[in-house]
Asks: 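First the structure, which I've put down as structure tokens, then a few questions once you've had a look.
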2 protein chains.
Amino acid sequence: MPWDTARTRERLLDAGSRQFAATGFAGTSVADIGRDSGVNKERLYAYFGSKRKFFDQVLAHRLDGLLDDLEVPGTGPEAVGAWAGLLWDRYVADPDVARLLAWEGLELDGPAAAAHRTSACADVTRRLQDALPTADEKAARHLLLSVITLVTGAWTLAGLTALVTPDDDRDDRRAATVRHAVVLARAVQAP
Amino acid sequence: MPWDTARTRERLLDAGSRQFAATGFAGTSVADIGRDSGVNKERLYAYFGSKRKFFDQVLAHRLDGLLDDLEVPGTGPEAVGAWAGLLWDRYVADPDVARLLAWEGLELDGPAAAAHRTSACADVTRRLQDALPTADEKAARHLLLSVITLVTGAWTLAGLTALVTPDDDRDDRRAATVRHAVVLARAVQAP
DNA sequence: CCATATCCCAACCGATCGGTTGGAGTCTAG
DNA sequence: CTAGACTCCAACCGATCGGTTGGGATATGG
């Protein structure tokens, strides 16, 4: 049987995603990744060069394309709320990605894989503008940033949620976030 | 001259705040704190027991009371926006505290110093309700959580801001955040 | 004035860190 | 068939980690 080097790479990236999401760059040791992946850690250096370069690859691999196939379902402010719900559900299905986003903001100077992601954000901005025809581009950008911040923050500032709304469960919080996204969208549409 | 043990403690806490804010719990070594504070690291163990207990003390010391003396300046949705601006300005004056909040969410299971902070959040909720008389308590909580998330997220999800609104400076972002807080408050006031 | 409690600090400890190496096993081009 | 490239892994490297210790300096109660 031939070697499945692509699969070995994939296993390293998957384990890296899990470990970095859980404990961040500084909190994760290369040995942890080797253990989680079942791959000898020397392979990580052969494939990726260093722990730091590997981290960048993991971030790019998971964060690049995060918003690409997230369509705005319909038009009007409610569609923006539904879009926020879709992003929320993406975090439900894969909580690592929200945490990776947060680690990126804290541990890195700038965003990883910036080129493609900038254009992806511009795409989403355009889709929001299509859904809210009366909105100008700058307002749509601000709306997008606030919605992403609300959804992502709900997943990463977990301590805050526990302090402010200790009785709410995750579905309550999802509903409130979607509602707030709708409100923001409505304000952008009719200023 | 007598020893100024209170000052030594303070110097350790200050250095811990700086270092933990910059690189997090896992990313900061006890030697770093000793170097930054000018205090021998053995003192940290004498005063605080362990790196972990020291971290909890730093978080409690800086995060407890964060919202205590933040009054809602006036009434109506605009006052809520102004309150968001005050919180923003607090982060401007002391950016460490926003980052500590984010590290807390990522590296800890639950919030530090929960007891007092929960009641502090309840206090702020009450103040928001006073400013928005028609709002019910649950809606006010959700409003508070979203506003704090928006302001804090703008400081900690820095990569996102750079991707979505690359041309905006910090004042633009402050203005947009305040505006969005007003919009959310208006929706809570008149549902 | 002395016992003693506390403070301070350099040196030290075993464990673990990121990263490397040497060599055995596995495939492929000619 | 074989030379050479690639994959894999245990063992290893110096540096740094969190945490400790022993001893000298400083203050205080009797």
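Letters A, B, ... are given to chains in the order of the sequence lines, protein chains preceding strands, and every chain is numbered from 1.
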Asks: Quick one: is D:dC8 close enough that its OP1 or OP2 comes under 4.0 Å of any side-chain N or O from A:Tyr45?
Replies: no

Asks: Using a strict heavy-atom distance below 4.0 Å, which residues from residues 16-37 of chain B are in contact with DNA chain D?
Replies: B:Thr28, B:Ser29, B:Val30

Asks: Nearest whole Å is fine: how far is C:dG18 P from A:Arg43 CZ?
Replies: 18 Å

Asks: State which residues pass side chain to side chain donor-acceptor pair (under 3.5 Å) with B:Glu10; sequence neighbours excluded, sorted by chain then number.
Replies: none

Asks: For A:Arg99, check side-chain contact (heavy atoms from CB on, under 4.5 Å) against everything at least two apart and list the hits.
Replies: A:Ala21, A:Trp103, B:Leu106

Asks: Tell me which pairs pass side-chain hydrogen bond (donor to acceptor under 3.5 Å, both in side chains) where either residue lies in residues 151-160 of chain B, with sequence neighbours left out.
Replies: B:Tyr91-B:Thr152

Asks: Atom CZ of A:Phe48 to atom P of C:dG18: distance rounded to whole Å?
Replies: 16 Å

Asks: With sequence neighbours excluded, give me every salt bridge (Lys or Arg N to Asp or Glu O under 4.0 Å) pair touching residues 71-84 of chain A.
Replies: A:Glu78-A:Arg186

Asks: Without swapping roles, check the side chain of A:Asp172 against the backbone of A:Asp169 for a donor-acceptor pair under 3.5 Å.
Replies: yes

Asks: A:Arg52: which residues meet the side chain to side chain donor-acceptor pair (under 3.5 Å) condition with it, sequence neighbours left out?
Replies: A:Asp56

Asks: Can you check the A:Leu44 CG to D:dT7 C1' distance for me, whole Å?
Replies: 15 Å

Asks: Atom NZ of B:Lys51 and atom C1' of C:dT16: how far apart are they, to the nearest Å?
Replies: 13 Å

Asks: Give each protein N/O atom lying under 3.5 Å from an N/O atom of nucleotides 10-15 of chain C, with the pair distance.
Replies:
residue: C:dA10; atom: N7; partner: B:Asn40; partner atom: ND2; Å: 3.4

Asks: Roughly how many Å is it from CZ in A:Phe55 to P in C:dG19, rounded to a whole number?
Replies: 14 Å

Asks: Using a 4.0 Å heavy-atom cut-off, does A:Phe54 contact any base of the nucleic acid, only the sugar-phosphate backbone, or nothing at all?
Replies: nothing

Asks: Relative to the ring of B:Phe20, is the ring of B:Phe54 parallel (under 30°), tilted (30 to 60°) or perpendicular (over 60°)?
Replies: tilted

Asks: Can you measure B:Arg11 atom CZ to C:dC7 atom C1' for me and round it to whole angstrom units?
Replies: 14 Å

Asks: Which residue pairs pass the salt bridge (Lys or Arg N to Asp or Glu O under 4.0 Å) test with at least one member in residues 107-122 of chain A, sequence neighbours excluded?
Replies: A:Glu104-A:Arg117

Asks: Is B:Thr8 close enough to C:dC8 that one of its side-chain N or O atoms is under 4.0 Å from OP1 or OP2 there?
Replies: yes

Asks: What residues form a side-chain contact (heavy atoms from CB on, under 4.5 Å) with A:Ala176, not counting sequence neighbours?
Replies: A:Arg173, A:Arg179, B:His142

